[in-house]
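Residue numbers begin at 1 in each chain, while the letters A, B, ... track the order of the sequences.
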Amino acid sequence: MLELRKDLFADERDDNLKEIGKGTQRQDMLGHVTGTSPYFDDHKLQGMLHLKVVRSEHSHARLRRVDTSEAERSQGVRRIIRGSDVPHNLNTLLSLINFGKDDEPSLAVDKVRYKGEPIVAIVADSPREAFEAIAKVKIDYEPLPAVFDVEDALKPGAPVVNEVYPKNTFTYHETYDRQQLRFGDVDRALASADHVLEQRYQMSPIEHAPTETNGSIAAPDTNGRYIVYTSTQALFFSVDTCAKILDVPSNTFHFIGGTVGGGFGGKVDTLTEPLCILGAMLTGRPVRYVFGREEEMQYGPPRGAERIYIKDGVMRDGRVVARKVRAYFDSGAYTRLSSYAAVKCAAHLPGPYTIPNVYGDIYCVFTNRTPATAMRGFGVTAMDFAIECQMDKLAHLVGMDPMEFRILNSYRDGDMKAHRREAKNTALIECVQVAAEKAKWPLRDEFKRMSSRKDGGGIRAAVTLTPRETHAPPAAALQQRTTYDRAPAATREPPPPPSPPPPSSPPTPRPNAPAHGAARFSSVFGTRRR
Amino acid sequence: MPVTVKTFTSTNEAAAALSSDRSARYLGGGTLVMRALNEGDISISTVVRASDHALTRIDTGGSRITLGAGVTYARILADRDLGFLHAPARSIGGPAVRNMGTVGGNLFAPNPYGDFTVAMLALDAVVSVQGGLGSREVPIEEFLQSRDRQAGTLVLAISFAKPGNAEAFRYRKIARIKPKGGAVITLAAYLPVNGSRIVGARVALGSMAPTPIRARAAERALEGRSLDASTIDAAAAAAVEGTSPSDSAIASAWYRREIVSVHLKRLLSGQE
Amino acid sequence: MAKTPLQFRHNGREVAIFVDGGTNLLVALRELIGDMTPKFGCGQGGCGTCSVLIDGELHLSCLTLAETVTGRSVETLDGIKDGPNLHPLQRAFADNFAAQCGYCTPGMLMAAKALLDRNPSPSRDEVVEAISGNICRCTGYEPIINAVLAAASGGRARA
Amino acid sequence: MTRHRGRGIAAVNYPIGMNLGGDPSQALVHSNPSGKFTVALSSIDLGQGMKSVTRQICAETLGVPVEDVYVDTADSDTGPHCMGSFASRGTHRVGNAVMAAAREARGVMMEAAAEELEVNAADLETDGRGNIHVKGAPHRSISTKDVAIAAQFKQGKTISGRGIFLVPLSDVDPETGEMSPATCYAHACMVAEVEVDDETGEVDMVRMDSAYELGRALNPRLVEQQLVGGAWMGVSHALYETTEPHYPDPVHGPRDFVEYLMPGPGDICPHDIAVLERPAPDGPFGAKGPGEMCANPVLPAVANAIFNAVGVRIDDLPITPEKVLRAIRAQGGARPQARR
């Protein structure tokens, strides 16, 4: 049951709207209930071939020899694809925003870094014939020591998972093995706190489990292009990733998707499209590459595991005065998107609370498991679990009601957040109050009267003095702020008007166009802008 | 090589086709063999079927109940005479699986499946198999012990003595997911009472070993006693004896060992 | 490759196709007949997205050997409308917002239809049981259960 | 007594859009000569309702009925660039792009109407039912259909608009982590009630009460879909799901929906939801994004409820019966906390 609390923040809203706020039927509902919504696999193409991959049996091994000669002769096989057939057989997803180094092949060549890593792709007339050919591929592995624990991976002498990152950590800002957050003097605040609580939290990998598995169908189209039906959650990410891997201009492809059987983050990685298109290119025929359910569960990327240590200082009156966090994102064998999540996680600290001293070290760590990727709540879900279990323990420690404890520590408009931006448009206190009301959870009157819009700012807006660490390089340049950060808190300006139309003449080539066919979405992410 | 489907009218021919071809599997309800084919099991290249009506017969007329190997769980659920088997039948799959899956196939279902077989074990069933020279009867325990070698065997039917009192049969499947989930453990007990004493107690456990097994120590604790609190405690305490559960995606061996006595106690005392 | 001929009723219409040995009914329906309403979700019997009715009984088409439906009647979501009009279950799913990504919806509707065809006024527990072989990852099941109950009571109201 | 009830809470916020920004999306809106509008996007609808919510945003901005708008997505030949459907960016980023495109299209539509009615465009308004009239004089009116016909065949105007929305990319200070991660945040508080079996460690959900602040519920039914389904996923993450049940030892990974555990229709509990709307200054009609954050508060709320019920803290996800049972054994039995 859903209740709209229109009484709250009514003065900040114009509710005189016609279509917005109505429970209008979904545009796609009729298609859904009649089974006619077009998913990628609902396209039947003449003479379609089927692609399956040979996956590594080992978590970490050198490939001594890969022999496909018998498989090539197997009945119904149209094409065997090896790493050497992939034009640009090394990629990292966020290279499109210039973040991170290419670290993952489409098909492993000299080494496998996780169990299930694709080594050979087989294109055959039928799935059965592809399976039969898979059994005929002979692979000579030299097993290597594997590492599965994020903290073990950081120890000296740990097996190197991915030679692109020999320390088993993603590299931030070209030097750092972690994303840092420093706000105030945490160690001093911990020393003077009435109670200090340090705890360890852990989340293991989680599968997106969409009812539709990842997949795509690629086919030669008229005029030398390729039509691609795809389950992707990010159409242009997939277009440009394929353009880069296959080293062709992105307008070689006509991608069609948009109706997807669940994603939850598990369909961002462009898992099937590059090999599927390559299969179509090499055979001149439509090719279908769809994950089976076991493939989806074990070798499709999960929500990555996280290990989190939190050390908090709290006063007897319930104020949390310090929060020190060390977190490890288990990226698996390749980066995919975990590097991004670690930065998002750092920004999220210390949760929706105003704490004057916050310290975070967030690591993206490589291990010999299936590469992780985004999932609903990416970078935040496990941290919220840790923070909110911690808040409950702290409330218990100081003998406060857990609801009131959260209201007391909640951020409010005008407070300074640990990433050094002012809190605006906050509403945590009201959520706690309304949830308490719904659950018939008694709150004392003073806590019922508190507001996100009152009593913030002032001393709570101060950037507390942060000690300089001895290894610290020179201070960072002034930060570039977003439009919103510059805007006054109370105004409600409409988004900027659209930019003028582009010139009709053909665009001139950009000076820094990448060598591959893909357009980079941005060239500044992750690099210092002064 | 494509899959060849061979359909026979007689079970004799089907059994012969199965025993002469190592790559042949018998197709019952499809929940095991079709799944294997879908997932690329190329060790199967022949699928054998038999259309003999005996395979789908339910016989509840005499002192023994006989279920043809091809009888589905839905058929059992529709049969009033088999009311005591409704709980195990309903504990399997969703409705579609119950319309397809068969009691014969269940004998081959690995953990966490095979719940119906746990019930059959508690009822001390006999499995009729068709060999090259005709049919023979194999006690279910013996059948399960040699299950790995039975891939080429054609099961015809499963039969057991009709319980004198349906109340004497109890069944419970412990699953994380409701109402349909893979078993953490499965328990079935047959406790016939003579006067006030249990005579011929049989307790069977699923997911406590590679195949369903009898809990002999628990049976001994029940035998000849009345089902009172101390008997139940003694049986529950003995439940774990002789078991060898495994770690799996659903639960660990440790957990299975820890809870088997709790659930046996609840089953015997009728607690939720 | 040798093909096996196969004839059955598909949504009330006689169809004849040739299948490869081992072809499952889901592949036959989608790739040979062109009925895309049953979906592939797992091929393992665990998700129910491929559910169809065979002679009125709920079956998983991915675990059904195609040639076993010879001479039988197969009903899919494509066949449950009454001409241009939605089936009451389809209307109830829409009214209750019981679909999000829509991928489990065909299987859910067939499972629900199998229930209501036999039991026009089920209890909530019976509805839960009826859809228990079908995985939905979006809705949390509550709207689906409500939709089936609404379709059932709607049916009673009309009767 | 082997079953104990307990309640736990959690409060969270969630950033809207890709962290640090730099994630543009575009939209194109145009009318056909019957005054019906098409929105072209390359954004993905994976169930969250992208097509539906952008349709309402477009209709509201144009001032036409929602039935007069159709959203076409996703086709890389016709849809302009979109970063993708992730990071709770759909409603906020794509919604803003659609709003901008619709605003531009509305400008042309009003100009064309003004020419037909021989008034100044600034004096016109839409009635939301497919008509444009002079403010304060509803009888001086023209239908959007007639405007579209006039624009196409008489005036030679395209009633169309382009929109893009971009939150400029923020830098990150490597030392302090100073950055502008997001422009707005959604908020939530969840109260979960559970029942714990102290002999088996099994945890059953009893009920949930929650409050979610989302800027604006553009479509309350779609919001409800997200919040109900998202909370279910939160329960699932809290108690059931893992691809590596023995993590970090990568053994016994589930291979199917029997081994991969998610709550079934018989495991769900009543969930009473309140939605709060504090409009985001830069959200379309103030909207933020409910899709991702709705699962997050459930995990800790359930963990905290288990503590309240039996006195054990499980800090490893998922909270399996085994972990609960081991913890209860370790502390020498259940220790129910003060009932609340």
Contact origin within [X] toward chain A - heavy atom pairs under 4.5 Å:
X        : answer
D:Ser210 : backbone
D:Gln225 : side chain
D:Met208 : neither
D:Pro220 : both
D:Val191 : side chain
D:Leu299 : both
D:Val64  : backbone
D:Gln48  : backbone
D:Met233 : side chain
D:Leu41  : neither
D:Ala11  : both

Within-4.5 Å side-chain heavy-atom neighbours: [X] and [Y]:
X        : Y        : value
D:Pro300 : A:Met391 : no
A:Pro402 : D:Arg340 : yes
A:Phe236 : D:Ser42  : yes
A:Gln27  : D:Val71  : yes
D:Arg216 : A:Asp15  : yes
D:Tyr260 : A:Ile206 : yes

Ignoring hydrogens and geometry, is there a side-chain-to-backbone donor-acceptor pair from [X] to [Y] under 3.5 Å?
X        : Y        : value
D:Gln56  : A:Ile20  : no
A:Gln233 : D:Ser85  : yes
A:Gln202 : D:Leu317 : no
A:Glu12  : D:Pro279 : no
A:Arg421 : D:Pro181 : no
D:Glu60  : A:Lys18  : yes
A:His419 : D:Glu178 : no

Does the distance from a Lys or Arg side-chain N to an Asp or Glu carboxylate O, for [X] and [Y], drop under 4.0 Å?
X        : Y        : result
D:Glu244 : A:Arg369 : yes
A:Arg26  : D:Asp45  : yes
D:Glu175 : A:Arg182 : no
A:Asp28  : D:Arg55  : no
D:Arg313 : A:Asp392 : yes
D:Glu277 : A:Lys6   : yes

* With a cut-off of 6.0 Å (strictly less than), are more than 12 heavy atoms of other residues, nucleotides or ligands near NZ of A:Lys438? ->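 For A:Lys438, atom NZ is crowded (more than 12 foreign heavy atoms under 6.0 Å).
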
- For atom CZ of D:Arg129, decide whether the heavy atoms of other residues, nucleotides or ligands shown that lie under 6.0 angstrom number more than 12.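 Not buried by this count: 12 neighbours or fewer within 6.0 Å.
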
For chain D, find which of [options] contributes the most heavy-atom pairs closer than 4.5 angstrom.
options                                : result
A:Lys393, A:Arg5, A:Arg200             : A:Lys393
A:Ala427, A:Ala435, A:Gly263, A:Ala423 : A:Ala427
A:Pro205, A:Gly262, A:Gly23            : A:Pro205
A:Gly360, A:Gly377, A:Ala209, A:Ala347 : A:Gly377
A:Phe378, A:Tyr353, A:Tyr201           : A:Tyr201
A:Glu430, A:Met403, A:Gln25            : A:Met403

For [X] and [Y], test the side chains for any donor-to-acceptor distance below 3.5 angstrom and give the result as yes or no.
X        : Y        : answer
A:His254 : D:Asp75  : yes
D:Thr183 : A:Lys424 : no
D:Asn296 : A:Thr381 : yes
A:Tyr411 : D:His187 : yes

**OP:** Sequence neighbours left out, what passes salt bridge (Lys or Arg N to Asp or Glu O under 4.0 Å) with A:Asp401? Give chain and number order.
**Re:**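 Counting only residues at least two positions away or on another chain, A:Asp401 forms no salt bridge (Lys or Arg N to Asp or Glu O under 4.0 Å).
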
[X] versus [Y], closest heavy-atom pair with distance:
X        : Y        : answer
D:Ala10  : A:Arg406 : CA-NE, 4.1 Å
A:Pro352 : D:Asn13  : CB-CG, 3.6 Å
D:Met83  : A:Ala234 : O-CB, 3.5 Å
A:Thr259 : D:Lys51  : OG1-NZ, 2.7 Å
A:Ser452 : D:Arg278 : CB-NH1, 4.4 Å
A:Phe148 : D:Pro250 : CE2-CG, 3.5 Å

message: Show, in sequence, the C-alpha distance, side-chain angles and deciding distance for D:Asp209 and A:Trp441, and conclude whether the side-chain contact (heavy atoms from CB on, under 4.5 Å) test is met.
response: CA-CA 10 Å; D:Asp209 290 283; A:Trp441 185 302; over 6 Å; no

Original post:
So D:Lys288 and A:Asn425, side-chain contact (heavy atoms from CB on, under 4.5 Å) or not? Walk me through it.
Top reply: CA-CA 11 Å; D:Lys288 303 172 182 176; A:Asn425 187 242; 2.8 Å; yes

What orientation do A:Phe237 and D:Phe86 show, parallel under 30°, tilted 30 to 60°, or perpendicular over 60°?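 Judged by the thresholds at 30° and 60°, the geometry between A:Phe237 and D:Phe86 is perpendicular.
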
Holding to ring-ring contact (aromatic ring centres under 6.0 Å, His included), I want the full list of residues that pass it with A:Phe183, two or more places apart in sequence or in another chain.
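In terms of ring-ring contact (aromatic ring centres under 6.0 Å, His included), with neighbours along the sequence ignored, A:Phe183 is linked to no residue.
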
(Q) Assess the residue pair A:Cys389 and D:Asn304 against the criterion (side-chain contact (heavy atoms from CB on, under 4.5 Å)); give the C-alpha distance rounded to whole Å, side-chain angles, the decisive distance to 0.1 Å, and a yes or no. (A) CA-CA 6 Å; A:Cys389 287; D:Asn304 295 336; 4.0 Å; yes

Let me see the working for D:Thr176 and A:Leu181 under side-chain contact (heavy atoms from CB on, under 4.5 Å), right down to the final yes or no. CA-CA 5 Å; D:Thr176 62; A:Leu181 184 77; over 6 Å; no

- Contact leader toward chain A among D:Val302, D:Leu276, D:Thr73, D:Val223, where contacts are heavy-atom pairs under 4.5 Å: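 Heavy-atom pairs under 4.5 Å are most numerous for D:Leu276.
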
Evaluation steps, ring pair (Phe, Tyr, Trp, His ring centres under 6.0 Å), between D:Phe307 and A:His396
CA-CA 11 Å; D:Phe307 171 74; A:His396 194 72; 4.9 Å; yes

